[in-house]
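Down below is the structure, laid out as structure tokens.
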Amino acid sequence: MPLPKNFYDDVYKIVKKIPSGRVTSYGAIAEVLGAKGASRTVGYAMNKSHASPSIPAHRVVNRAGLLTGKHHFGSINEMESLLNKEGIRVINNKIQNFQEIFWNPIIELQKDIETSEIEFPE
DNA sequence: CGGCTGACGATGA
DNA sequence: GTCATCGCCAGCC
């Protein structure tokens with residue numbers, strides 16, 4: 001119960017909770033895990049999780065709303081296509097209403113934290 | 001065990 | 001406001 005065994009596992013868990021039509025940033029996830037500066041590590045976790053289709057990595061973008069990880073999908077248009085299917089408008093690899101559809105795990109996961117569904121260090 | 005990696009983020013010029 | 005640089009932490013070689 002203490003600290004998360006696998007940082008990656010926590011990342012996946014959070015990413016899976018991202019609702020359709022919403023997006024979040026690597027830094028936000030890292031911050032939830034108590035490692036605000038580990039934003040890069042979060043992205044690296046996705047890279048390793050590319051084999052897990054259950055993880056909507058396309059809903060995770062950088063702070064600027066840019067599809068920085070699109071190049072890592074099967075096809076370059078894969079990520080953008082998935083986002084479009086969810087009603088997210090992407091132009092030139094950038095989410096237009098990023099700020100509006102931004103899904104803040106720090107707030108949304110408060111309930112999960114109470115139910116011990118997600119644990120994070122202090 | 002030491003060093004590099006990396007789908008980021010913030011700060012400075 | 002845009003471009004360039006440093007720092008960050010956890011995993012992997």
Side-chain angles (χ1 to χ4, degrees):
Chain A
M1 36 183 132
L3 291 120
K5 303 172 185 146
N6 297 332
F7 188 85
Y8 284 19
D9 192 38
D10 267 5
V11 174
Y12 305 148
K13 189 185 293 184
I14 294 173
V15 174
K16 286 179 185 175
K17 293 178 182 301
I18 301 175
S20 178
R22 296 292 188 97
V23 292
T24 189
S25 64
Y26 306 97
I29 297 172
E31 190 173 351
V32 172
L33 298 178
K36 183 182 176 188
S39 50
R40 303 174 58 174
T41 311
V42 175
Y44 196 63
M46 310 312 265
N47 187 358
K48 201 166 69 70
S49 74
H50 71 88
S52 302
S54 302
I55 302 174
H58 61 278
R59 295 181 190 150
V60 184
V61 295
N62 69 345
R63 237 337 202 154
L66 288 169
L67 309 186
T68 52
K70 65 177 281 179
H71 198 294
H72 231 275
F73 282 73
S75 300
I76 302 299
N77 297 334
E78 181 87 5
M79 189 173 186
E80 183 174 333
S81 182
L82 288 169
L83 290 172
N84 270 279
K85 284 169 63 176
E86 296 184 358
I88 299 175
R89 180 165 302 234
V90 179
I91 299 177
N92 197 11
N93 302 334
K94 176 156 190 283
I95 296 174
Q96 297 308 296
N97 52 344
F98 174 66
Q99 197 176 86
E100 298 177 21
I101 65 177
F102 181 77
W103 184 78
N104 191 339
I106 301 172
I107 297 175
E108 301 295 336
L109 294 179
Q110 286 297 323
K111 299 180 298 183
D112 293 339
I113 293 171
E114 291 181 6
T115 59
S116 301
E117 191 171 337
I118 288 186
E119 306 155 7
F120 74 103
E122 185 178 354

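Values reported hereafter were calculated over all heavy atoms of this structure, with side chains retained and with hydrogens, waters and symmetry mates removed. Chain A is the first sequence line, chain B the second, and so forth, proteins listed ahead of strands; every chain is numbered from 1.
Residue A:A30 is classed as having no contact, given no heavy-atom separation below 4.0 Å to the nucleic acid.
One finds the NE2 atom of A:H72 at 3.5 Å from the CG atom of A:N47 (value rounded to the nearest 0.5 Å). Taking CD1 of A:I106 as the reference point, atom CD of A:E31 lies at 3.5 Å (rounded to 0.5 Å). To the nearest 0.5 Å, the span separating CD1 on A:I88 from CG on A:N97 amounts to 7.5 Å. For the atom pair CE of A:M46 and OH of A:Y8, the computed distance is 11.0 Å after rounding to the nearest 0.5 Å. Atom CG of A:N77 sits about 10.0 Å away from atom CG of A:N84, to the nearest 0.5 Å. Distance check: A:I29 CD1 to A:K17 NZ gives 12.5 Å after rounding to the nearest 0.5 Å.
At a threshold of 4.0 Å, the pair A:R22-A:E108 does not count as salt-bridged, since none of the basic side-chain nitrogens sits closer than that to a carboxylate oxygen.
Listed by residue number, the members of residues 61-71 of chain A with any heavy atom below 4.0 angstrom from DNA chain B are A:N62, A:R63, A:T68, A:G69.
For A:K48 and B:dT5, the NZ to P distance is 19 Å, given to the nearest whole Å. For A:E31 and B:dG9, the CD to P distance is 11 Å, given to the nearest whole Å.
Smallest separation of non-hydrogen atoms from A:R59 and A:L83: CA-CD2, 4.4 Å. Nearest heavy atoms, A:F7 versus A:A38: CZ-CB, 4.0 Å. For the pair A:T24 and A:P105, the tightest heavy-atom approach, listed with the atom from each and the gap, is OG1-CD, 3.4 Å.
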Strictly under 3.5 Å: I want the nitrogen or oxygen pairs between protein and nucleotides 6-10 of chain C, one per line.
{"residue": "C:dG7", "atom": "O6", "partner": "A:R40", "partner atom": "NH1", "Å": "3.1"}
{"residue": "C:dC8", "atom": "N3", "partner": "A:R40", "partner atom": "NH1", "Å": "2.8"}
{"residue": "C:dC9", "atom": "O2", "partner": "A:T41", "partner atom": "OG1", "Å": "2.3"}

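DNA chain C contains the following stems of three or more consecutive Watson-Crick or G-U pairs, with both distances under 3.5 Å: B:2-6 with C:9-13, B:8-13 with C:2-7.
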